[in-house]
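Written below as structure tokens is the structure these notes are about.
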2 protein chains.
Amino acid sequence: MTLARTIKRPTLHQELVDRIRDLVIEDRLKPGEKVPEKELCEAFGVSRTPLREALKVLASEGFVELQTNRGARVAEVTREELQDTFPVIARLEQLAGELACVQLSDAEIARIDDKHKAMVAAFEARDRPRYFKENQSIHQALINGANNKILQDHHKLLAAKIKRARFMVNLSDERWATAIAEHEIMIAQLRARDAEQLGQTMKHHIENKFRSIMKLLDDQA
Amino acid sequence: MTLARTIKRPTLHQELVDRIRDLVIEDRLKPGEKVPEKELCEAFGVSRTPLREALKVLASEGFVELQTNRGARVAEVTREELQDTFPVIARLEQLAGELACVQLSDAEIARIDDKHKAMVAAFEARDRPRYFKENQSIHQALINGANNKILQDHHKLLAAKIKRARFMVNLSDERWATAIAEHEIMIAQLRARDAEQLGQTMKHHIENKFRSIMKLLDDQA
DNA sequence: TTTTGTAATAATGAATTCAATATTACATGA
DNA sequence: TCATGTAATATTGAATTCATTATTACAAAA
């Protein structure tokens, strides 16, 4: 296994939590796969104690599942979980939009506008990886703009789960174009400081993404 | 220390997470207090390994804070955290109300109505502990009625944080009466299956509670 | 007295060990 | 061949041990 390099940092388990979570989100550890303590210990150059501490935390976050006496498995991304996750994150983004709209400085809004332009460029170049990155950066900026630690923490967890779904279905061209259009509206509302409307648009934006993904999943079956 | 009895159950750390979290929520472990591993190990009759695993999980949930080489402390309930938490939980309850309204059976609604009556009785008897319990039971029933695991999990964490605030301020008589009135409206809307409105009322209900608590906190200072 | 330095003590983070459980390999009999 | 039982092996959960860091106690000097 060559998943990562050894470690420094304050405490091992904190570093491990972040690293292993990332392996899960980035699909380096596949859903349903068992998490082999021994191999990960060797890969990271740590003993089982901090690794197991990390696994408990990841289990409470929902990225792995612990089976008594049978170790840990990477959590599956189920249709049901997505179905539960999207409505919740939609409300969180709505709230974030409302708060960010009144709290962001003009300069910060201009920076988000820059990201938006970069995202549109990625769309026009049909560069999916770059689009994903820019898109994520915009949403993150809006979440951070809400200036609410609790909101950030809970959003981070939910966003990570949804992120994993990108390995299940491909963004359709149609949805892609619609998403861009929705972002244009968001930017306009953000510049107009229309908090209520921005929240509404962001909520719908997520709900539309939700519908698109669910349709694609159905089509696969 | 006589905080708890020894343990059985599948894995020790899971049990410990629940037990220690409960000690924090019930204010048996005070905010800012250091969590003495040794004593807790003795109190629960376990070694440091599962206890420390539990502390990492509780830290990720925000109930304790880990300081490298200096152990764990019970997290404080800060004004700032409450200020961040309430808006989020308000949206979650709003969503829960909308979903529960269309998903609960008539029988389940009748059961919630029973709880409501019990809560009103507790109010009339000015029995705060009983009121808290019944109130919590109603909100929990509505959350569960949404039938959304993610929503339940995230709500549970946020609700626990807010619950801790009850040791900081006392429910005022005025707020208490208003809360009862809001619950009356909720029940009516639930019976009328008016999802949108119920969601709205639940959101406002939490927001009003928020304002009340903040005012009381300000008055203390 | 108060401050500062230092030794002793205690606690923490992480590795290791140990007992219990699960998994695998393999032999035996249908 | 295919089950089925059993021994060997590996993995897991938890206790223990060990090295490091923090805390405390206390002495010497200002």
Side-chain angles (χ1 to χ4, degrees), chain A residues 1 3-21 23-24 29-76, chain B residues 1 3-21 23-24 29-76:
Chain A
M1 186 176 297
L3 295 176
R5 203 54 258 116
T6 50
I7 286 178
K8 35 265 154 220
R9 241 236 247 197
T11 72
L12 293 182
H13 97 271
Q14 286 170 25
E15 176 81 21
L16 288 170
V17 167
D18 287 342
R19 296 244 209 153
I20 299 173
R21 189 199 295 110
L23 293 177
V24 173
L29 289 171
K30 306 290 183 188
E33 194 175 294
K34 70 178 170 342
V35 182
E37 289 185 7
K38 200 143 154 288
E39 289 181 42
L40 281 180
C41 286
E42 287 166 17
F44 287 114
V46 301
S47 76
R48 285 176 61 220
T49 303
L51 187 101
R52 288 169 56 81
E53 289 170 350
L55 289 178
K56 315 292 187 210
V57 171
L58 290 168
S60 94
E61 293 182 350
F63 293 106
V64 306
E65 284 168 13
L66 303 178
Q67 303 165 292
T68 309
N69 285 328
R70 303 183 55 182
R73 292 190 169 276
V74 178
E76 309 265 1
Chain B
M1 186 176 299
L3 295 175
R5 202 52 260 115
T6 52
I7 286 180
K8 33 263 155 226
R9 241 235 248 200
T11 72
L12 293 181
H13 98 271
Q14 287 169 26
E15 176 82 21
L16 289 169
V17 166
D18 287 342
R19 297 245 209 151
I20 299 173
R21 189 198 295 111
L23 293 177
V24 173
L29 290 171
K30 306 289 183 188
E33 193 174 294
K34 69 180 172 340
V35 182
E37 288 185 9
K38 200 142 153 287
E39 289 181 41
L40 281 180
C41 286
E42 286 165 19
F44 289 114
V46 301
S47 75
R48 287 176 60 218
T49 304
L51 187 100
R52 287 169 56 81
E53 288 169 351
L55 290 178
K56 314 294 186 207
V57 171
L58 289 168
S60 95
E61 293 181 350
F63 293 106
V64 305
E65 283 167 12
L66 303 178
Q67 304 165 291
T68 309
N69 285 327
R70 304 184 54 183
R73 292 189 169 275
V74 179
E76 308 266 2

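Given the structure is predicted, the values throughout are model-derived calculations rather than measurements. In what follows, every chain begins at residue 1, and chains take the letters A, B, ... in the order their sequences are listed.
- Computed from coordinates, the B/Leu12 CG to C/dA19 P distance equals 17 Å when rounded to whole Å.
- The terminal axes of the helix from C/dT1-D/dA30 to C/dA30-D/dT1, fitted over 5 pairs per end, subtend an angle of 0° to the nearest 10°.
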Take A/Val74 and A/Lys30, measure what side-chain contact (heavy atoms from CB on, under 4.5 Å) needs, and give me the verdict at the end. CA-CA 7 Å; A/Val74 178; A/Lys30 306 290 183 188; over 6 Å; no

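- As rounded to whole Å, 15 Å separates atom P of C/dT12 from atom CD of A/Gln14.
- Here C/dA10 presents its C1' atom at 13 Å from CD of B/Glu39, a figure rounded to the nearest Å.
- Heavy-atom minimum distance, A/Val64 versus A/Val35: CG1-CG2, 4.4 Å.
- Along DNA chain C, the nucleotide nearest to A/Thr68 and the one nearest to A/Glu53 differ in position, and the one closer to the 5' end is contacted by A/Glu53.
- Between B/Gln67 atom CD and D/dT21 atom P there is a gap of 17 Å when expressed in whole angstrom units.
- In this structure, B/Glu37 places its CD atom 12 Å from C1' of C/dA10, rounding to the nearest Å.
- A donor and an acceptor atom sit less than 3.5 Å apart, one in the side chain of B/Thr49 and one in the base of D/dA15.
- Which of D/dT12, C/dT16, D/dA22 sits closest to the side chain of B/Arg70 comes down to D/dA22.
- A/Ile20 places a side-chain heavy atom less than 4.5 Å from the side chain of A/Phe44.
- Remark: A/Arg48 engages A/Glu37 in a salt bridge (charged side-chain N to carboxylate O under 4.0 Å, His left out) (not counting sequence neighbours).
- Remark: C1' of C/dA15 and NE2 of A/His13 are 17 Å apart, rounded to the nearest angstrom.
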Which side-chain N or O atoms in residues 65-73 of chain B pair as donor and acceptor under 3.5 Å with protein atoms at least two apart or in another chain?
unit_1  : atom_1 : unit_2  : atom_2 : d
B/Gln67 : OE1    : B/Arg73 : NE     : 3.3
B/Arg73 : NH1    : B/Gly32 : O      : 2.7

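- Nearest heavy-atom pair, A/Ser60 versus B/Val57, reported as atom, atom and distance to 0.1 Å: CB-CG1, 3.8 Å.
- When all heavy atoms of B/His13 and B/Pro50 are compared, the pair lying nearest together is CB-O, 3.7 Å.
- If you find the closest nucleotide of DNA chain C to B/Lys38 and to A/Arg48, the one lying nearer the 5' end belongs to B/Lys38.
- When the P atom of C/dT23 is taken as reference, atom NZ of A/Lys34 falls 10 Å away, rounded to whole Å.
- Between A/Leu55 atom CG and D/dG13 atom C1' there is a gap of 13 Å when expressed in whole angstrom units.
- Checking C/dA22, D/dA22, D/dA15 against the side-chain heavy atoms of B/Asn69 singles out D/dA22 as nearest.
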